[in-house]
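Throughout, a chain's letter reflects where its sequence line sits, starting with A, and its residues are numbered from 1. In this text, all values refer to a predicted model and were calculated from it rather than measured experimentally.
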Amino acid sequence: MLEVENLSKTYPGGIEALREINLQVSPGIFGLLGPNGAGKSTLMRTLATLQLPDTGSATLDGIDLLKEPRRARQTIGYLPQDVGVYPRVSAKEMLDYLAGLKGITNSKTRRQEVMFQLERVNLLSVSDRRLDTYSGGMRQRFGIAAALIGKPRLLIVDEPTAGLDPSERRRFQLMLTEAANDCILILSSHIVEDISGLCSEMALVDKGRLLRKGNPAEVIQELADKVWEFVVPIEQFAECRKTQHILSWKPRQGKILVHAWSESGSDITFPKAEPTEPTLEDLYAFHTSETESC
Amino acid sequence: MSIPAQFLMEWRQQTRRPFVWFCFVAFFGLSFLETMQTGIQGVGNTWINGAGMIANRGIIYTLLGVVAIAGIMLEPFVRDRVSNSQGVILTTPIDRLGRGPIRFLVAFAIVTIATFLLIPGMVLGAMAPGIPDELVGPFVFSHYVKSVLWFLLPNYFLVAVLVYCVGNFFENRSICFASAILLFAGWRICRMMLGRDIFHEEVFGLYALLDPFGSIASFENTRGLTVAQLNVTFLPLSGLLLYNRILWIGIGLLFLAIGTWAIPTRPRLAREKKRRNKKASATTFPDKPLTRDSLQINTIYQFWRTICWDFRLTWRQPAARLTLFVAAITLWWSASSVTTYQFSLPSTDILVHATNFYFDKILMLALVWIAGSLFWRERSWRVNELIESQPTSDFFIYLAKTVTLLVVILLFWLLSIGVNLVYQITHGYFRPELSLFFTDSFVFKAPYYLWFGMLAIALQAIVRNRYIAIATVLIVAIASVLLYALDVHHPMYHYGRVSHVWYSLMDGYGHFWEAHLWLVGYWTLGSVLIWLVGFGVFRRGEHPSSRVTSFQQHFRGRFAISATGVLAAFVTTAFLVHYFSTTKGIWPPTDGDKIKAQVEKAYGAGWRQRLQPRIIRIDAEMDLYPSERRYRLEGNFTLKNPSDESIEEVFLMGTPLLNIETIDFEGGAELLEMNKDLNVQIWKLNRPLPADGEMQFHFVTSRNPPSGFQVHSSGDNVPDVAQNELIENGSALLNVRLMPVIGYTDRVEHKPAWMRRKYGLPEKWEPPSGIDSESQAHATLHLSWIESVTMTIRTAPDQTALYAGTLEKEWKTPDGRNAFRYRSDYKSRGWSAIVSGRFQKRAFERPDLPNVEIYFDPQHETNVDIFGEALHDAIAYFTESYGPAPFDTFRLAENALHYDGFGSRGGLAHASAVLGWKSDLEASGGEDIRRHAAVMVALAWWGDQIIPANIAGAKVIHSGLPYWTAALYLHQARDTATDRSLRLQELMEMYRGRGEMIDMEAPFIHEFKDSTMIRKKGSSLFLYLAELVGPEKMEAILSDWLEEWRYREAPYPNAKDLYAHFKDHLPTEHHSFLRDYFENVAIWRTEVIETESEELTGGKWKIRANISAEKTYISGWGEETKAQFDIPVPVIAFRDSAYSDASQLRSEWINLKSGEQWIEWILEEKPVRIGVDPYLLLPDPNPHDNIRSVP
């Protein structure tokens, strides 16, 4: 169990990255959803022991992540948001090095573990290739292999699918699902689909604050009966944006399909407005922008 | 986008780079500090803002600026790839012009600005306070502009276009830097191939053209110039320099064209190296799944893995391997240069001296760069968070980086040993002295870099900015220069410096070990302390806590105890080093020049003209304890009053740090004054010494090493070993420095005006004159002809002691020490070396000649026979030419390198271990040994048989005659081609030295200072005269003169006597030349301007040659006044390119006049070359134009 209590962090310059964050996370995939700059990466780095908060605590199965960072790191796997690679080094060499640091001292075991992880992320056939020749998706897969080395109890994955093509993303989601079998996997993303598709629990954060927490299906119920769907001709869309509380919209056959928030629907001025099931995207938009998203 | 807009955009890009602004500041600061330092440390009259100095700066700043220029230039050409913006840029309408030439022009504009910032730096640096007035001339702006146009901009252009070309091809920073370094390497190769101190004249033109920076070509027009000419004459853009500039600018334009062609038009894909097809190994998977419980965090294992990982990454960086390669090349150059200089065998003790010539700079740059890379590369490659989230200890990460760097530094030193060993083997030297290599490298030299390595890592942690940390380390490294300029010499205050010492094969590291080990301890603790501070503020993560907070968080437990312990140990060691080296040692090192000036100030006016007794007999006993480095000398002088007045007071002086224990005048005396600082005593005799009277004088002197230890700095200009200091093996002390000096001596007086001003003495110095001075011996003022000398020396049981005279007795003392008694009952100068060492002896005999005995270190027997033969050949020549030898046995002993040079007095010569003993006979043919032998014998012949009067012109007899007659002997003994080649080198060396002289050149008749011009230029003039009238004639003239003055009592002969003797014995038509030889400072220039040939009937040839001749008189610091050329000069037609009698078709002495003149000859065959003074008899600053081929 990961327990976070009253975690706060203010950067020099007065930017409040975390404000009184409280979380309890059980094994499984836990999603952190929030826009860029919401504080997700600060929280992830703090949990990965790479940053100290100003106040608060974080423990993982009794290990204090802040006071016993080295002990904590034995149980943590971390895939940073913007991970690079060493040039002139192969995937096998680098994983072997990381495996050694993780405590796999027996060379045979280490070799097997490296091969296992590379096979798991489908990089075995290119394991001798230099990492700097890998594509973006291959690097991300390598990153997850690196994070998984040493069977972490807490796997922290920061914005892993950004920039991946759809098939790579699906492959990645599958990998994460498999990886979360016996650990806590914290997945941070601003991509709603990732969270809604993968996470059994999630938290919505913005401006350093924890806005909502729970099962994605449950948290969206907050907007039940308050999301209205209607179609707007393109030429009226500008007017619509001014008058309606738009949560999301998408082009559809020369028109715009709009989701708007309304308490009763009476203030919707466009025809054929129907109440609809809220989505996580609606909730995300409702709390983070209060205007619209696309 | 319009072209101006592209220019503007590129300009903004460049000027936003901190590196560019750093370069602007660095260029200005460099020129300012460097000029200021040169001025503060400068001597003589070379203006720091003179033409020669500014031209020189143009080359120096080229070399120092190469890497910075590469850094400015490469960015636009690697920018797109590094910032992953290739796709964006290549799809914009910006064409090749925008991505190539425009970027190049803007970057080069930045380079040009940086270059011009050197000018205000140089100008302001020359205005800095503390620079002596004579070192600053009038400001001439054109000198600065020419330096920029002749050297800096063309050279930087070359670097720029090379980087442009390579950058467009590879888009890789390391390769760009490497290409610039290779250009630098090209310059070094040319310089090294040309020779370090002595140029190989035959390949001068070739390397002058190949040198990419034009430095060699600049010598063509400057090496014949005097100090005064160099101050005001900026070298013209002509001759080799012009061709060099045209050649390399042309090559630069070619690079520019190739580089523009190579501008990428589509992104280059990273290429995977082809790997050998490894046998595919079957992939194995875990038999059972890995469990968390099976993970064992082992800190030591992690530490080891991290070191291996860091080292692997460092090694895989191409720049690291390139740096090692460049370092290996420079080591090879250093080895070749040092052996070229001395014609020496590549023995280990010589190679270890040379190792640091260039290697140190490369290693320093490499270590600061690698430290930055080790510290920041995870961040640069964005793997820092992945790596830092691993369960590793902060301390071991920090330690692993440090250890990796230190291992790299040690590898560099291993490389130095490897390269030197390979050099030895490839040059046929098969005595690998590994223990010396390892001791010198890892105990004496490598620690400095290890300490800097720790500093570099610590500063990266403390400063938290890669480039500022690098700059800080470099500032610490060069701060030494400024500290020296500020007279802060103690190594304690120069980071990483230890007591300066050179290895001597005879004496090893001598007594310097103790100081070295103390300072090693001091700096090790100091660097560990800084390193611990670095760890204290070291934090992982993107947003670390402040330094203070980090330190407070770390400062607990074992770290706090360790840091406090190291701090305490460091402070204690610092205190002890300071105490033992200053309070208990000798600090500052005794500055002999300063003491001399103080003696003159205090006693010169009162005692210079007061006649003092002369020593006429010496009887002394000396106990040497080499292992304890102490001696005691008890002696008795017989003093004689040479004047016709009685002497009531006696002035006594001792060399610095000589302890005068006892003074006892016969009849008693009262001590009137004792100045311990200056080691001066004045005594009033109870019984005045009557005119022509004699009295006994008893004394005891000693010297004991200080109870502390002795430290030296490399910048204090004080010799490592004082001339009256005993060392453990291979001492060579001069006896007069160990005995009290009777009377004031003008040897303490500084002669050059700048030096007198420096020490606050009246600027004008006049040589002594008058009958008293004519009756005083130059160089040994208190000695006249000594009637008898007895010297008993007792030394260590395994050492031999040598002294001038006949070895009368040799025995063992009751305590087992070796004792020797030397005696001379014939007239002698009374001077002698006192030599003691663990010697092997070899004797040489020839009928009717004195025996030759050579005392050498057992490791150096290779050339002993050559030395013996050469000495006997020289003695035979001098006996035949100038009469009997002034010794019954000539002894030559080897002395430790810790005393430089050689001497020859009273039939006992000594030569430092690097002079001839290790000469590579295959390279030199033994010529250097023959030269040393000739000079040693000549010094004895003239110095021991004639006392020069202590008046103006004394050096003609003291230094001139020995060198002139040695030159005449060698001239006749060598074959023509060898003689010409060696003298050409000597001539060029002399003229280069003349441009750096620290005192004015004086006519020989007035010269009182020891001047290389008397030795070298005088030798040249003497050879001219000998060739003109015949060598036998000159030998006969000198033989007569020696006969006339041999052992003559006062008044002694002087230069005027010799001059008059020459005039009396040479025809009047040569008197004009004699006048120039002795009374003027003259140089002669000759040149074959043009040759013509015409075939006549009968197979004959009409040959015409246009010859120019010029004579000038030099005054002051080198101002020239034209005079009438009025001497005959040999003009020779050669049938081939050889220099031999057989090659000469016609040779004729022709009376040349000033200006151009045609000569016309009808010859039986067509000559290949015509030469005027082809054998270089006259001192011509440009001897290369003396010969021209015939069309």
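Atom CD of residue A/Glu93 and atom CG of residue B/Leu313 lie 9.0 Å apart, to the nearest 0.5 angstrom. Note: B/Glu385 CD to A/Met44 CE = 11.0 Å, rounded to the nearest 0.5 Å. Atom CZ of residue A/Arg70 and atom OG1 of residue B/Thr299 lie 3.5 Å apart, to the nearest 0.5 angstrom. To the nearest 0.5 Å, the span separating OG on B/Ser389 from CG on A/Leu101 amounts to 10.0 Å. The line from CG of B/Leu386 to CG of A/Leu98 is 5.5 Å long, rounded to the nearest 0.5 Å.
Contacts between A/Gln74 and chain B at a heavy-atom distance below 4.5 Å involve backbone atoms as well as side-chain atoms. Heavy atoms closer than 4.5 Å to chain B are found in both the backbone and the side chain of A/Asp96. At a 4.5 Å heavy-atom cutoff, A/Arg71 makes no contact with chain B through either its backbone or its side chain. At a 4.5 Å heavy-atom cutoff, A/Arg120 makes no contact with chain B through either its backbone or its side chain. In this structure, no portion of B/Ser380 lies under 4.5 Å from any heavy atom of chain A. Contact annotation for A/Asp158: neither backbone nor side-chain heavy atoms come within less than 4.5 Å of a heavy atom of chain B. Using a 4.5 Å cut-off between heavy atoms, B/Arg539 does not touch chain A at all. Only the backbone of A/Pro152 comes within contact range of chain B, with heavy atoms under 4.5 Å apart.
By the neighbour-count criterion of 12 heavy atoms within 6.0 Å, atom CD of B/Gln553 is densely surrounded, having more than that number from other residues, nucleotides or ligands. Counting non-hydrogen atoms of neighbouring residues, nucleotides and ligands closer than 6.0 angstrom, the CZ atom of B/Arg173 reaches no more than 12 such neighbours. Environment of CZ in B/Phe325: sparse, with no more than 12 heavy atoms of neighbouring residues, nucleotides or ligands closer than 6.0 Å. Residue B/Tyr467 places its OH atom among 12 or fewer non-hydrogen atoms of other residues, nucleotides or ligands, all under 6.0 Å distant. Counted within 6.0 Å of CH2 on B/Trp376, heavy atoms from surrounding residues, nucleotides or ligands total more than 12; the atom is thus considered enclosed.
Interface check for chain B: of the options A/Ile76, A/Asp82, A/Val83, the most heavy-atom pairs under 4.5 Å are formed by A/Asp82. Comparing A/Ile156, A/Asn106, A/Ile104, A/Thr42 by heavy-atom pairs within less than 4.5 Å of chain B, the highest count is held by A/Ile104. Residue with the most contacts toward chain A among B/Arg316, B/Gln296, B/Arg377, B/Gln302: B/Arg316 (heavy-atom pairs, distance under 4.5 Å). In terms of heavy-atom pairs under 4.5 angstrom with chain B, the leader among A/Thr49, A/Leu118, A/Val85 is A/Val85. When A/Ala146, A/Gly77, A/Ala99, A/Pro87 are compared by the number of non-hydrogen pairs under 4.5 Å with chain B, A/Pro87 comes out ahead.
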Checklist entry - Could you walk me through whether A/Tyr86 and B/Ile387 pass the side-chain contact (heavy atoms from CB on, under 4.5 Å) check? => result CA-CA 11 Å; A/Tyr86 285 111; B/Ile387 296 297; 3.4 Å; yes
Checklist entry - Between A/Tyr78 and B/Gln390, does a side-chain hydrogen bond (donor to acceptor under 3.5 Å, both in side chains) hold up when you go through it step by step? => result CA-CA 9 Å; A/Tyr78 178 47; B/Gln390 303 306 316; over 6 Å; no
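Side chains of A/Arg88 and B/Gln317 form a contact here, defined as non-hydrogen atoms less than 4.5 Å apart.
Ring geometry, A/Tyr97 versus B/Trp309: the interplanar angle falls under 30°, so the pair is classed parallel (tilted spans 30 to 60°).
Here the closest non-hydrogen pair linking B/Pro391 and A/Lys102 is CD-CD, 4.0 Å.
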